[in-house]
Amino acid sequence: MASLARRRTTDYVVKAISTGFAALSLVLLAWILWTLLSRGLPALGPHVFTKITAPPGAGGGLLNAIVGSLIQIGVALIVGTPIGLMCGTFLAENGRGTQVANVVRFVNDVLLSAPSILIGLFVYQLLVVPFGGFSGWAGSAALAILVIPVVVRTTEDMLNLVPIGLREAAFALGAPQWKVVTFITWRAARAGIVTGILLALARAAGETAPLLFTSLGNNGWSLNMSAPMASLPIAIYQYAASPFEDWVALAWAGALIITVGVLTLNVLSRLALAKMK
Amino acid sequence: MAASISGTEADTALIAAHKPTGRVSDPIFVGLLWASGIFVLVLLGLIIAMLFEGGLPALREFGISFLWSTTWNPVTERFGAGVMVFGTVASAVIAVIVALPLSFGIAFFLTEIAPGPFRRPIGVAIQLLAAVPSIIYGMWGFFIVVPLIAAYVQPPLIEWLGPIPLLGALFQGPPLGAGMLTAGLILALMILPFITAMFVEVLESVPPMLKESAYGVGATSYEVYRNVSVPYGRTAMVGAVMLGLGRALGETMAVTFVIGNATRMSASLFAPGATIASTIANEFPEASIGSLKLQSLLQLGFILFVISFIVLALSRLLVRSKLKG
């Protein structure tokens, strides 16, 4: 064995390097945020929220993209949350310990990390090709498929934290199972389940790839869910890669809006989750 | 969040033994629960089936050699997945090679070095790296990182390492900034929080007694980490790395911005390349319904799904087996 002095030096060096690595990752995060702030803030103004996208030089904003994103995310949550909630409940209550539940949990874990662009391709094949075109519905469907696994995972985790005695007490009073689940277990895990939905919302809000082939994007004002629909990530993608300075500036403004929203949701839900566990 | 808390056998028996008293409402409710569980299975099945079916004509046209053929020529309509499969695997492997030592270091920092009150805030901050949307990494990479790499990283490397035989082949070509290496670096930063979070979770599950015994015989923190904690969690940690790899394989927007999007094979780390995901994102707008190109893109998607599925499934099996046992 090496001498004590040498072992101590090794320990010291490794600790210094590890601390350096942690500092490096924080610096990189700060760098990304700084880039967004320094380029996004100057481009941010009332026009971003009041005007719709326009040709370069015409002084457009991102209103239609923001509204389109909100609508598609809203529909995705309305569709995805109940399915995710029910599936998570199935895993934690009825399915617990069964082979079916194990398979469902496994598949859900895979879907949770599956490439989101493939979800877009899938919805393209399922909804865009047969129904004759890109649409807000297709975009919402793709986002809903991203929402479901997140909600399933957090719902199951949160329901598992609910003491079994609470359920027993309700059953002992003669409550049917649907009442026990909805009035007792869901209620007890309410805060955690809502946190999961917020995390799913944060995930859906930043996704670009699944919208490329589903809602496509739209440079005009349109609330028609059966037609191509604008969204913030797609507008950013389109504008960031363009050669026009005012478009690139708008892309940074949009990027700042999305990131601030997504990170705020994440920090809040993580704080809430940490409190519960 | 990797492992869910599963109930004891007794809990399971209690729930199973309960006879529902709601005669009409309960069967409906339980039916809905089961249906949504089955729905998730059907969803996965449908995704696999539709990607495969959509890409089948391309497979028929080009045969099984589609998988490794390096031709991608929209003009002559000859397509092959070789370049993209290589690009996907290469960029993801670079990402893991870069992210792994960083994750080991950060996990060591978060579990052993950082003073108590700082652990959680620093941990949360690093987790935020996972929350930043992919397209933001793309823009940051494209506007900030690519020019820096082109100006300060590539020229010296090409000059110093380029002339070395064999190894030099990795450092050839003009310093464009965008390319395989840049994509790998950005991906590394993106998967870092996933790997680190699971490392920390595994390390925190090491029984304190084991570590204390090692400290008791005079081991230093690093020695305990290396010889006790890491070996204890090895299986799950391999699973964590696989999760990072699986995430890197399918990452789209960030890669599309920084990889250069060239459908040519090159050994150089600096050469522009393409991944399956970036090719789909890039070429899809130019592919019309029913065209051979679209079918080839769908076939590419199917290949990516199969690769990610295998990696993610392995990851999960490794992580679960360890955390449960």
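Below, chain A is the first sequence line, B the second, and so on; all start at residue 1. Everything numeric in this text was worked out from a predicted model, so none of it was measured.
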**Request:** Please look at B:Tyr137 and chain A and tell me whether the side chain, the backbone, both or neither of the residue comes under 4.5 angstrom of a heavy atom of that chain.
**Result:** side chain

**Request:** Would you check, one step at a time, whether the test side chain to side chain contact (heavy atoms under 4.5 Å, CB included) holds for B:Ile280 with A:Leu212?
**Result:** CA-CA 10 Å; B:Ile280 296 174; A:Leu212 284 173; over 6 Å; no

**Fill in**
One should read off an interatomic distance between B:Arg320 CZ and A:Asn102 CG, to the nearest 0.5 angstrom, of 9.0 Å

**Asked** By a 4.5 Å heavy-atom criterion (distance strictly below it), what part of A:Val110 contacts chain B: side chain, backbone, both, or neither?
**Response** both

**Fill in**
Note: vs chain A, highest number of non-hydrogen pairs under 4.5 angstrom among B:Leu297, B:Val145, B:Ile48, B:Leu189 is B:Leu189

**Prompt:** So among B:Leu33, B:Val40, B:Ile38, which one has a side-chain contact (heavy atoms from CB on, under 4.5 Å) with A:Phe90?
**Reply:** B:Leu33

**Request:** Using side-chain contact (heavy atoms from CB on, under 4.5 Å) as the criterion, point out the one residue from B:Phe109, B:Tyr225, B:Phe108 that pairs with A:Lys15.
**Result:** B:Phe108

**Residue B:Arg226 excluded, over 12 heavy atoms near CZ under 6.0 Å** = no

**Asked** Is it the backbone or the side chain of B:Leu32 that comes under 4.5 Å from a heavy atom of chain A, or both, or neither?
**Response** both

**Request:** Using non-hydrogen atoms and a 4.5 Å limit, figure out which bit of B:Ile136 sits close to chain A: side chain, backbone, both or neither.
**Result:** side chain

**Request:** State whether the number of non-hydrogen atoms from other residues, nucleotides or ligands found under 6.0 Å of A:Trp31 atom CH2 is greater than 12.
**Result:** yes

**Message:** Is B:Arg120 close to chain A through its backbone or its side chain, or both, or neither, when contacts mean heavy atoms under 4.5 Å?
**Reply:** side chain

**Message:** What verdict does the side chain to side chain contact (heavy atoms under 4.5 Å, CB included) test give for A:Leu28 and B:Trp140, after you've listed the backbone C-alpha separation in whole Å, the side-chain angles of each residue and the deciding distance to 0.1 Å?
**Reply:** CA-CA 11 Å; A:Leu28 289 170; B:Trp140 178 68; 4.1 Å; yes

**Item:** Heavy-atom pair with the smallest gap, counting every atom of A:Met86 and B:Ser36
**Value:** CB-OG, 3.0 Å

**Request:** For side chain to side chain contact (heavy atoms under 4.5 Å, CB included), just list the numbers for B:Phe302 and A:Leu121, CA-CA rounded to whole Å, side-chain angles, deciding distance to a tenth of an Å, and then say yes or no.
**Result:** CA-CA 10 Å; B:Phe302 178 72; A:Leu121 271 190; over 6 Å; no

**Asked** Does any heavy atom of chain A fall under 4.5 Å from the side chain of B:Met139, the backbone, both, or neither of them?
**Response** both

**Complete:** In terms of heavy-atom contacts, A:Leu26 and B:Ala125 come closest through CD2-CB, 3.6 Å

**Fill in**
Smallest heavy-atom separation, A:Ser18 atom then B:Gly105 atom, equals CB-O, 3.2 Å

**Message:** Once rounded to the nearest 0.5 Å, what's the spacing between atom OH of A:Tyr124 and atom CG of B:Leu51?
**Reply:** 12.5 Å

**Request:** Classify the ring geometry between A:Phe213 and B:Phe284 as parallel (under 30°), tilted (30 to 60°) or perpendicular (over 60°).
**Result:** tilted

**Complete:** If one checks every heavy atom of B:Leu304 against chain A at 4.5 Å, the contacting part turns out to be both

**Request:** Report the C-alpha separation of A:Arg7 and B:Thr220 in whole Å, then their side-chain angles, then the decisive distance to 0.1 Å, and conclude whether the side chain to side chain donor-acceptor pair (under 3.5 Å) test is met.
**Result:** CA-CA 7 Å; A:Arg7 286 170 50 215; B:Thr220 62; 5.4 Å; no

**Complete:** Heavy-atom closest pair (B:Met50 atom, A:Gln125 atom, distance to 0.1 Å) is O-NE2, 3.6 Å

**Request:** Please look at A:Leu29 and chain B and tell me whether the side chain, the backbone, both or neither of the residue comes under 4.5 angstrom of a heavy atom of that chain.
**Result:** both

**Prompt:** For B:Tyr222, does its backbone N or O pair with a side-chain atom of A:Asp11 as donor and acceptor, under 3.5 Å?
**Reply:** yes

**Asked** When only pairs under 4.5 Å are counted, which of B:Phe142, B:Trp34, B:Phe194, B:Phe104 shares the most heavy-atom pairs with chain A?
**Response** B:Trp34

**Item:** Region of B:Leu46 in contact with chain A, defined by heavy-atom distances below 4.5 Å
**Value:** both

**Prompt:** What residue in A:Ile17, A:Ile258, A:Val181 has the most heavy-atom pairs under 4.5 Å with chain B?
**Reply:** A:Val181

**Item:** Spacing of A:Ser113 atom OG and B:Leu249 atom CG [to the nearest 0.5 Å]
**Value:** 11.5 Å

**Complete:** If you tally heavy-atom pairs under 4.5 Å between each of B:Ile28, B:Ile47, B:Leu44, B:Val311 and chain A, the highest tally belongs to B:Ile47

**Message:** What part of B:Thr252 gets within 4.5 angstrom of chain A, counting heavy atoms only: side chain, backbone, both, or neither?
**Reply:** side chain

**Request:** Heavy atoms only: give me the nearest A:Asn266-B:Ala131 pair and the separation to one decimal.
**Result:** ND2-CB, 3.2 Å

